[in-house]
Amino acid sequence: MTFEKLGLSEELLRSVRETGYTSPTPIQAQAIPAILEGKDVMAAAQTGTGKTAGFTLPLLQLLNEKPPVKNNRARALVLTPTRELAAQVQESVFTYGKHLQLRSAVVFGGVKINPQMMKLRRGVDVLVATPGRLLDLFQQRAINFNDIEILVLDEADRMLDMGFIHDIKKIMALLPKQRQTLMFSATFSQEIRQLAKGIINNPVEIDVAPRNSTVETISQIVYPVDKARKTDLLSHLIRNENWYQVLVFSRTKHGADKLVKRLSRDNIHAAAIHGNKSQAQRTKALDGFKKNKIQILVATDIAARGIDIDQLSHVVNFDLPNVPEDYVHRIGRTGRAGASGQAISLVSADEAKQLQDIERLIKRKIEREEIETFEPQHIVPESVSGKSSRNKQGAKPGNNKTRQYKGKRNGSSEQNPRSRYGKPTGSSNRNGNSGNRQQRTASAERPAV
Ligand code: AMP
């Protein structure tokens, strides 16, 4: 399949070539022709599938074929749940539309409204917006929806999660009934289908990622570790493995800030993005991260939503998410568009339930690996430690020489001793043949190694 076969105009094909894409992703191959035909589309596709280009390219083409926009009006409206995602969608509009004469703007809360009002005065062909700010602008008469021809709801599931349902319904009521509607969502829950009923008309349904499956190219691993030692372990991994451009997920804003402080003390350039950070701080952090000035970006789920960074090689779950679907979203940040990636989870004993829920959802047991000197001292339920059926031949506690090493990397002076446990079956003693170790029982604590 080639982009040329999808019916895109020469100007758009040129942008695609300049971006360096050689062939369309599955969502693009299916969505682009349907959208060009003027059909409503409902697509199950998570971030990383190429969905943004999947709707942006045909949308630009359709707009380019029709008369220009009038003052204070927009012809296509893209609604996104977060400012980051909004900014990134607009960047795509800009990138793919650079050989066309279309105008676009992005509006979101947390920044001054006046410059946004000014931008809308002459009208824009494509308006990318978060729901709250869009309604503010409407109330201030900065935007009129009467000429909207195409509506895109991006990450619709997340919009519902974030409580935008009322805003969305208000906006829907203001839009012309006669329009083309495109809806993208990582998953199609009952709630999403319910929402779709009222706003989408006889859609072409596209499902590129079977619900809640995890992308094939992502290797996933769990490091069982005591909660109190997670930061040390993360710092150790970053330095030893020489990780760059790692996105680390923290469940809380406070946790994210604390982690950044600690990593900075270890001379690791880290920054946090979450809801308490100003737009300027977020943009700066994201920019620094993209330019490799910031090595580690620590984010909460909501803030990370929509961050689009190419070829992210590692995603770390510093805490497991409470909602198992978030795990799928999180790790979708790596292994994008066919590139390989690693998703690492630092899991403490109290997270056994979350891990179990995740594994049930993805229908897969994630491989466990313990890092020597970071083995959990506290009882880790079997579901976390993933007792291995593969014995560590010759591995004796305290005798590093007999362990597997990954060796030194990039001048790191530290060794990286690891004990690798194969795919867990949950059947045998995790300590393999090192019989001198105390076997853990439901109440025992492991002796210090
Ligand atoms: P998205 O799912 O829209 O967030 O896109 C994920 C990433 O894939 C983005 O960084 C795009 O630049 C990239 N991408 C989109 N389409 C293609 C393509 N056809 N080939 C290679 N990379 C792509």
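Looking only at side-chain heavy atoms (C-beta outward), Val128 and Ser104 stay at 4.5 Å or farther from each other. Looking only at side-chain heavy atoms (C-beta outward), Ile35 and Val204 stay at 4.5 Å or farther from each other. Counting heavy atoms from C-beta outward, Glu370 and Pro376 have side chains that approach closer than 4.5 Å. Looking only at side-chain heavy atoms (C-beta outward), Asp136 and Arg133 come within less than 4.5 Å of each other. Side-chain contact check for Gln116 versus Val111: some heavy-atom pair is nearer than 4.5 Å. Under the 4.5 Å side-chain criterion, counting only non-hydrogen atoms from C-beta, Asp357 is not in contact with Leu320. In this structure, Asp157 and Pro81 have side chains that are not in contact, with every pair of non-hydrogen atoms separated by 4.5 Å or more. Proximity of Leu234 to Leu259: side-chain heavy atoms (C-beta onward) are separated by under 4.5 Å at one or more points.
Annotation: ring pair (Phe, Tyr, Trp, His ring centres under 6.0 Å) contacts involving residues 125-161, sequence neighbours excluded, comprise Phe138-Phe145. Within the structure, no pair that satisfies the ring pair (Phe, Tyr, Trp, His ring centres under 6.0 Å) test touches residues 80-107, not counting sequence neighbours. Pairs engaging residues 105-132 under the salt bridge (Lys or Arg N to Asp or Glu O under 4.0 Å) rule: Arg75-Asp125 [sequence neighbours left out]. Under the salt bridge (Lys or Arg N to Asp or Glu O under 4.0 Å) criterion, the residue pairs touching residues 184-199 are Arg193-Glu205, with sequence neighbours excluded.
One finds the CG atom of Leu62 at 11.0 Å from the CG atom of Leu57 (value rounded to the nearest 0.5 Å). Leu6 CG to Met1 CE: the interatomic distance, rounded to the nearest 0.5 Å, is 5.5 Å. Between Leu355 atom CG and Arg360 atom CZ the span is 10.5 Å, to the nearest 0.5 Å. For the atom pair NZ of Lys230 and CG of Leu237, the computed distance is 12.5 Å after rounding to the nearest 0.5 Å. The distance from atom CD1 of Ile32 to atom CG of Leu8, rounded to the nearest 0.5 Å, is 5.0 Å.
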request  = Using the salt bridge (charged side-chain N to carboxylate O under 4.0 Å, His left out) rule, take Asp287 and Lys293 through it: C-alpha gap first, then chi angles, then the decisive distance, then the call.
outcome  = CA-CA 8 Å; Asp287 227 49; Lys293 286 186 202 149; over 6 Å; no
task = Dump the intermediate steps for side-chain contact (heavy atoms from CB on, under 4.5 Å) on Met172 and Leu153, then the final yes or no.
result = CA-CA 11 Å; Met172 294 307 129; Leu153 283 173; 4.2 Å; yes
inquiry  = Does Asn64 form a side-chain contact (heavy atoms from CB on, under 4.5 Å) with Gln61? I'd like the steps, not just the answer.
reply    = CA-CA 5 Å; Asn64 199 45; Gln61 176 147 333; 5.7 Å; no
request  = Check the pair Asp232 / Arg262 against side-chain contact (heavy atoms from CB on, under 4.5 Å), numbers first and verdict last.
outcome  = CA-CA 9 Å; Asp232 284 340; Arg262 244 314 304 280; 3.1 Å; yes
Derivation of the salt bridge (charged side-chain N to carboxylate O under 4.0 Å, His left out) call for Glu10 and Arg14 = CA-CA 6 Å; Glu10 189 41 48; Arg14 215 170 118 201; over 6 Å; no
query = Thr82 and Glu155: side-chain contact (heavy atoms from CB on, under 4.5 Å), yes or no, with the steps?
reply = CA-CA 10 Å; Thr82 64; Glu155 306 205 344; over 6 Å; no
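For the salt bridge (charged side-chain N to carboxylate O under 4.0 Å, His left out) test, no residue two or more places apart in sequence or in another chain qualifies with Lys253. Qualifying side-chain hydrogen bond (donor to acceptor under 3.5 Å, both in side chains) partners for Lys39, counting only residues two or more places apart in sequence or in other chains: Glu37.
Looking only at atom types and distance, the side chain of Glu351 has a donor-acceptor partner in the side chain of Ser348 under 3.5 Å away.
If you look at Phe55 and Phe184, their ring centroids are closer than 6.0 Å.
Judged purely by atom type and a 3.5 angstrom limit, Asp154 has no side-chain atom pairing as donor or acceptor with the backbone of Thr80. For the pair Asp266 (side chain) and Ser235 (backbone), a donor-acceptor distance under 3.5 Å is absent.
At a threshold of 4.0 Å, the pair Glu359-Arg368 counts as salt-bridged, since one of the basic side-chain nitrogens sits closer than that to a carboxylate oxygen.
The two atoms that bring Ala285 and Ile294 nearest to each other are O-CD1, 3.8 Å, heavy atoms only.
By the 6.0 Å contact criterion, CD on Gln101 is open, its count of non-hydrogen atoms from other residues, nucleotides or ligands being 12 or less. The number of heavy-atom neighbours closer than 6.0 Å to NZ of Lys98, taken from other residues, nucleotides and ligands shown, is above 12.
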